[in-house]
Amino acid sequence: VKKIIDNIHILKDETIIENGFIEIEDGIISNIGESSNNKANTLALDLKGKRILAIPGMINSHTHSGMAALKGAGDDLPFEQWLFQTIIPLEEQLDDEMIYLSTMISQMEMARNGITTFVDMYMMLDSIIKAVDEFGMRAYICRGLQDDSLEDGQRLQKNIKAYEKYHGTANGRISVGFGPHSPYLCSKEYLKKIADVAQELNALIHIHLKESQKESHQYTFRELANIGLFNTQTIAAHCVYADSDDIQVLKEFNVSVAHNPSSNLKLANGIAPIEKMHQEGVNVCLGTDSVSSNNSLDLFKEMLLASLIHKGETKDPQAIPATVSFKMATSNGANAVGQKNIGLLEKGMRADIAFLDMDNINLFPLIRPISNIVYSGRGSDVIATMVDGDFIYYFGTYPKINEEAIKKQFMEKYVKLYK
Ligand SMILES: [Zn+2]
């Protein structure tokens with residue numbers, strides 16, 4: 001059945017189409033533009049008569065959605081102490097049920113903030129995938145891999161099995177990739193093994209690179225390129241300590257950088273050379289990282305920070321303008337995962353859309369849309385979010401799940417985790 005959303009404002013490039021409509025068929029935008037006069041056989045979606053602006057659903061290019069139970073754990077600790085003494089010991093207690101529930105909670109927060117796609121790195125993929133399938137988001141799910149434990153080999157095997165079983169399922173909403181944690185938790189031999197498998201399957205690689213200062217002299221991106229790590233579609237999170245040579249390698253191998261400004265600031269890792277990467281033509285996208293290093297899953301906040309911190313850092317008010325931050329959160333994210341039919345509102349694209357309440361006073365009067373969204377907007381301006389033409393968030397509710405039951409089960413397990 002054809003669906004239509006009528007009488008709305010639509011963000012088209014950097015301007016607004018007033019009195020617009022979006023027609024959706026089989027999860028795809030089949031027509032979009034100014035007022036439609038062909039409404040035969042269509043189901044009108046109700047946006048309650050509000051003044052609404054439709055924007056592309058946002059793409060969270062780096063997160064760990066199974067960590068919802070760790071929100072606030074280890075706040076304000078030094079990076080190594082935070083990771084090795086707080087986060088990892090807690091993670092060892094998480095079971096498949098808790099990962100499932102946490103992924104549900106994280107998706108609620110993302111959908112509520114207008115995010116339609118996320119790129120994940122975590123464990124127990126069956127639980128994550130079940131949660132994504134039920135909730136209705138689009139996700140690139142990568143198994144966190146490291147070879148410093150007895151499980152060596154098994155994790156990679158599990159990742160390959162998950163790829164074979166789930167890649168392309170849920171009407172194409174679920175993609176499976178590979179998530180080698182970082183060069184400090186994966187040996188070169190292990191990284192090569194993962195790179196070879198990912199290349200053979202043409203799968204995404206999602207890795208943390210040069211997040212902390214300690215890593216700045218441990219390896220170069222050229223060495224990683226030489227073992228074949230960048231021979232497949234790759235997202236490198238952070239790259240705070242990428243030097244000029246590293247940036248050249250990112251460009252040469254078309255590696256996308258997931259910039260996580262809140263996380264880098266909160267863990268005191270510093271400010272990534274994003275303006276330089278942008279000038280060099282590297283594809284930079286935006287991520288929230290997890291709720292224990294951010295602590296929220298809101299790309300409005302990341303867009304704002306991205307535009308602000310690089311101006312401050314470079315002393316150049318023209319660094320990372322709002323238009324660039326907005327692209328990082330939308331179309332650049334689509335480029336990063338190599339999916340050409342998301343990240344823009346155009347005919348033929350998937351109907352992944354966030355709807356903003358234009359009368360929210362912080363956005364009002366919304367005359368300069370991109371500037372207002374980036375500098376004045378926040379996640380709470382989103383009143384509905386859809387993926388493939390189905391609402392996953394709608395005026396305070398999550399149509400596909402039982403919110404209360406999930407929160408109750410989550411709290412029961414949460415209390416035990418911290419006992
Ligand atoms: Zn991360």
Side-chain angles (χ1 to χ4, degrees), residues 59-75 77-84 86-88 90-91 94 99 102-103 106-107 109-110 115 117-125 128 139-146 148 155 159 177-186 191 194 204-215 218 224 229 234-242 255-272 274 284-299 301-302 305-306 328-329 333 336-337:
I59 299 169
N60 184 359
S61 306
H62 179 65
T63 193
H64 310 273
S65 63
M67 290 176 79
L70 278 62
K71 185 183 275 182
D75 278 352
L77 288 177
F79 179 69
E80 305 264 307
Q81 206 179 329
W82 170 81
L83 181 60
F84 294 108
T86 311
I87 299 302
I88 290 176
L90 278 167
E91 282 183 328
L94 300 178
I99 303 275
S102 290
T103 306
S106 293
Q107 288 181 102
E109 186 174 353
M110 288 193 273
I115 295 169
T117 295
F118 66 104
V119 183
D120 206 60
M121 182 198 292
Y122 220 52
M123 51 199 179
M124 303 185 197
L125 295 203
I128 299 173
Y140 288 76
I141 299 158
C142 308
R143 176 65 167 89
L145 300 165
Q146 55 191 81
D148 64 341
R155 292 183 188 199
N159 200 152
F178 292 80
H181 182 276
S182 56
Y184 62 88
L185 291 181
C186 299
L191 285 177
I194 297 165
L204 181 76
I205 285 186
H206 181 201
I207 186 168
H208 299 102
L209 293 183
K210 294 200 175 178
E211 177 177 10
S212 67
Q213 190 162 25
K214 208 184 83 180
E215 288 168 81
Q218 285 178 346
L224 301 176
L229 190 65
T234 305
I235 296 181
H238 308 305
C239 300
V240 178
Y241 291 89
V255 175
S256 294
V257 172
H259 179 38
N260 305 270
S262 292
S263 172
N264 297 154
L265 291 172
K266 180 163 182 277
L267 296 171
N269 282 320
I271 295 176
I274 296 300
V284 179
C285 45
L286 272 184
T288 58
D289 213 346
S290 78
V291 285
S292 43
S293 61
N294 183 313
N295 298 357
S296 57
L297 306 175
D298 181 357
L299 286 176
K301 180 168 109 177
E302 304 310 311
L305 276 174
M328 287 180 183
V337 292

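Along the sequence shown, residues are numbered consecutively beginning with 1. Quick caveat, the model's predicted, so the values are computed rather than measured. First listed ligand is number 1; within each ligand, the first listed atom is number 1.
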Under 2.8 Å from the Zn ion (ligand 1), which protein N/O/S atoms are there?
His62 NE2, His64 NE2, His208 NE2, Asp289 OD1
Partner set under salt bridge (Lys or Arg N to Asp or Glu O under 4.0 Å) for Glu109, not counting sequence neighbours:
Lys71
Consider only side-chain N and O atoms of Tyr184 and Gln146, and report whether a donor and an acceptor are under 3.5 Å apart.
no
Those residues at least two apart in sequence (or on a different chain) that pass side chain to side chain contact (heavy atoms under 4.5 Å, CB included) with Ala272 are Val240, His259, Ile274
What I want to check is whether the side chains of Glu302 and Ser262 have a donor and an acceptor closer together than 3.5 Å.
yes
Examine the side chains of Asn260 and His62 and answer whether a donor and an acceptor come within less than 3.5 Å of each other.
no
With sequence neighbours excluded, residues passing side-chain hydrogen bond (donor to acceptor under 3.5 Å, both in side chains) with Asn264
His238
